[in-house]
S.K.: 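Sending over a structure as structure tokens; questions will come in a sec.
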Amino acid sequence: MRKQAVILDMDGVLTDSEPLYAEAVNVALHETGFTMSSTDHQAIMGSSIDYTWEWVVDRFGLDRDLAYWKARYEKAVLRLLTERAPPMPGIYRLLDRLEERGLKLGLASSSQANWVEAVLSRLGITDRFGSVAACDMVQHAKPAPDLYLLAARKLDVAPAACVAIEDSPRGVQAAKSAGMVAVALRSATMPHMDLSAADHVSDSLDDFDFSWLD
């Protein structure tokens with residue numbers, strides 16, 4: 001089936017935000033003296049906020065409730081994204097080329113809606129997406145398919161007619177479970193993640209192969 005839409009993940013695809021999320025965890029943890037390592041961050045990359053903080057609380061044996069840590073983290077993330085979220089190399093060119101080919105564009109993000117809005121606004125691409133699905137719009141976050149199914153439904157496109165661009169194993173699993181072709185963008189900061197479940201793997205957005213849309 002020739003593809004009609006491309007649905008992109010936000011973190012690590014539109015913007016190199018993962019270092020900011022790791023920084024925000026450490027901002028929230030500052031009072032404890034604990035610091036999350038890159039290995040720790042890789043274990044939760046692409047996860048929901050609830051899963052992230054359940055994992056962090058368990059990892060460090062924190063004694064306050066989940067709501068306390070989430071509130072500190074959410075405040076830090078929103079500030080960092082608003083001030084510093086950078087565009088991924090090649091993202092503007094890729095969006096231009098997809099639109100020139102008449103592809104609909106959607107977004108499926110494990111981040112919450114206000115973070116998504118902050119990133120899209122900072123990058124100046126809010127109006128380029130025909131649908132946005134954020135984690136607080138669905139019952140189950142990635143690796144469940146809910147976000148991708150919602151994004152496709154908002155575009156009025158069958159999941160089988162969509163290509164998803166992801167950068168994490170959880171995201172790839174979500175896209176595949178939704179019945180989409182999954183393109184994995186290899187992370188420069190975490191190059192050893194297992195992306196073998198993806199249909200295609202690319203080292204750069206500039207290397208996106210348009211034959212994957214056939």
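Model, not experiment: these values are computed from the prediction.
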S.K.: Using the rule that Ile, Leu, Val, Met, Phe, Trp and Tyr join whenever any side-chain heavy atoms are under 4.5 Å apart, tell me whether I49 and V56 fall into a single cluster.
M.R.: yes

S.K.: Keeping K154 on the side-chain end and V132 on the backbone end, is there a donor-acceptor pair under 3.5 Å?
M.R.: yes

S.K.: Using modelled atom types only, decide if a donor and an acceptor are shared between the side chain of R79 and the backbone of K75 within a distance under 3.5 Å.
M.R.: no

S.K.: Would you be so kind as to tabulate the donor-acceptor pairs closer than 3.5 Å made by side chains of residues 205-212, with sequence neighbours excluded?
M.R.:
unit_1 : atom_1 : unit_2 : atom_2 : d
D206   : OD1    : R93    : NE     : 3.0
D206   : OD1    : R93    : NH2    : 3.0
D206   : OD2    : R93    : NH2    : 2.7
D209   : OD1    : S211   : N      : 2.9
D209   : OD1    : S211   : OG     : 2.8
D209   : OD2    : S211   : OG     : 3.2
W212   : NE1    : H200   : ND1    : 3.1

S.K.: When hydrophobic residues are tied together by side-chain contacts of less than 4.5 Å, even through go-betweens, does W115 share a cluster with L107?
M.R.: yes

S.K.: Between C135 and L147, which heavy-atom pair has the shortest distance, and what is it?
M.R.: N-CD2, 3.9 Å

S.K.: Taking the side chain from T15 and the backbone from P86, do they hold a donor-acceptor pair closer than 3.5 Å?
M.R.: yes

S.K.: Supply the atom-to-atom distance L14 CG to S109 OG, rounded to the nearest 0.5 angstrom.
M.R.: 8.5 Å

S.K.: Does S17 use its side chain to pair, donor to acceptor, with the backbone of L20 at less than 3.5 Å?
M.R.: no

S.K.: Between Y92 (side chain) and L123 (backbone), is there a donor-acceptor pair under 3.5 Å?
M.R.: yes

S.K.: Between the side chains of N26 and T35, is a donor N or O closer than 3.5 angstrom to an acceptor N or O?
M.R.: no

S.K.: So do the side chains of S37 and D40 get within less than 4.5 Å of each other, counting heavy atoms only?
M.R.: yes

S.K.: Checking ring pair (Phe, Tyr, Trp, His ring centres under 6.0 Å) against W53, which of F60, Y21, Y73 comes through?
M.R.: Y73

S.K.: Shortest non-hydrogen contact from L195 to S168?
M.R.: CD2-C, 3.9 Å

S.K.: Quick one: CG on D136 to OG on S111, what's the gap to the nearest 0.5 Å?
M.R.: 9.5 Å

S.K.: Count I, L, V, M, F, W, Y as connected when their side-chain heavy atoms are under 4.5 Å apart, and connections chain through other members. Are L105 and V119 then in the same cluster?
M.R.: yes

S.K.: Taking it one step at a time, do R64 and R72 satisfy side-chain contact (heavy atoms from CB on, under 4.5 Å)?
M.R.: CA-CA 12 Å; R64 290 182 180 267; R72 290 173 61 84; over 6 Å; no

S.K.: Should M180 and V183 be regarded as members of a common hydrophobic cluster, given that ILVMFWY residues are connected when their side-chain heavy atoms come within less than 4.5 Å of each other, either directly or indirectly?
M.R.: no

S.K.: Is V27 reachable from Y68 through a run of I, L, V, M, F, W or Y residues, each pair having side-chain heavy atoms under 4.5 Å apart?
M.R.: no

S.K.: Taking the side chain as every heavy atom from C-beta outward, state whether H41 and V25 have any atom pair closer than 4.5 Å.
M.R.: no

S.K.: Are more than 12 heavy atoms, taken from residues, nucleotides or ligands other than D156, located less than 6.0 Å from that residue's CG atom?
M.R.: no

S.K.: Quick one: is the NZ or CZ of R170 closer than 6.0 Å to the six-membered ring centre of Y51, and within 45° of its axis?
M.R.: yes

S.K.: Side chain of K104, backbone of L155: donor and acceptor closer than 3.5 Å?
M.R.: yes

S.K.: Please step through salt bridge (Lys or Arg N to Asp or Glu O under 4.0 Å) for the pair R153 and D146, ending with a clear verdict.
M.R.: CA-CA 10 Å; R153 188 161 62 249; D146 300 33; over 6 Å; no

S.K.: Enter the distance from D50:CG to K70:NZ here, rounded to the nearest 0.5 Å.
M.R.: 3.5 Å

S.K.: Are side-chain heavy atoms of S187 and E18 found at a separation under 4.5 Å?
M.R.: no

S.K.: Going through the distances and angles, do I165 and L94 end up as a side-chain contact (heavy atoms from CB on, under 4.5 Å)?
M.R.: CA-CA 11 Å; I165 304 180; L94 178 60; 3.9 Å; yes

S.K.: V77 vs Q112, test: side-chain contact (heavy atoms from CB on, under 4.5 Å). Steps then yes/no.
M.R.: CA-CA 11 Å; V77 168; Q112 57 195 45; over 6 Å; no

S.K.: Examine distances only and state if a side-chain atom of T82 and a backbone atom of L78 form a donor-acceptor pair shorter than 3.5 Å.
M.R.: yes

S.K.: Would you confirm whether K142, through its side chain, and A108, through its main-chain N or O, come within 3.5 Å as a donor-acceptor pair?
M.R.: yes

S.K.: So do the side chains of T32 and W69 get within less than 4.5 Å of each other, counting heavy atoms only?
M.R.: yes

S.K.: Rounded to the nearest 0.5 Å, what's the gap from CG on L29 to CZ on F34? Could you check?
M.R.: 8.5 Å

S.K.: OG of S121 to CD of E117: how many Å apart, nearest 0.5 Å?
M.R.: 9.0 Å

S.K.: Rounded to the nearest 0.5 Å, what separates atom CG in L120 from atom CZ in R122?
M.R.: 13.0 Å

S.K.: Closest heavy-atom contact between S131 and A151?
M.R.: OG-O, 2.9 Å

S.K.: For G12 and L185, which heavy atoms make the closest approach, and how far apart are they?
M.R.: O-CD2, 3.4 Å

S.K.: Determine whether R186 and V201 satisfy the following criterion, side-chain contact (heavy atoms from CB on, under 4.5 Å), listing intermediate values before the conclusion.
M.R.: CA-CA 7 Å; R186 200 181 306 280; V201 179; 3.2 Å; yes

S.K.: Could you pull out the closest heavy-atom pair between A160 and K3, with the gap in Å?
M.R.: O-CE, 3.3 Å

S.K.: Of all the heavy-atom pairs spanning A5 and L103, show the shortest one and how long it is.
M.R.: N-CD1, 3.5 Å

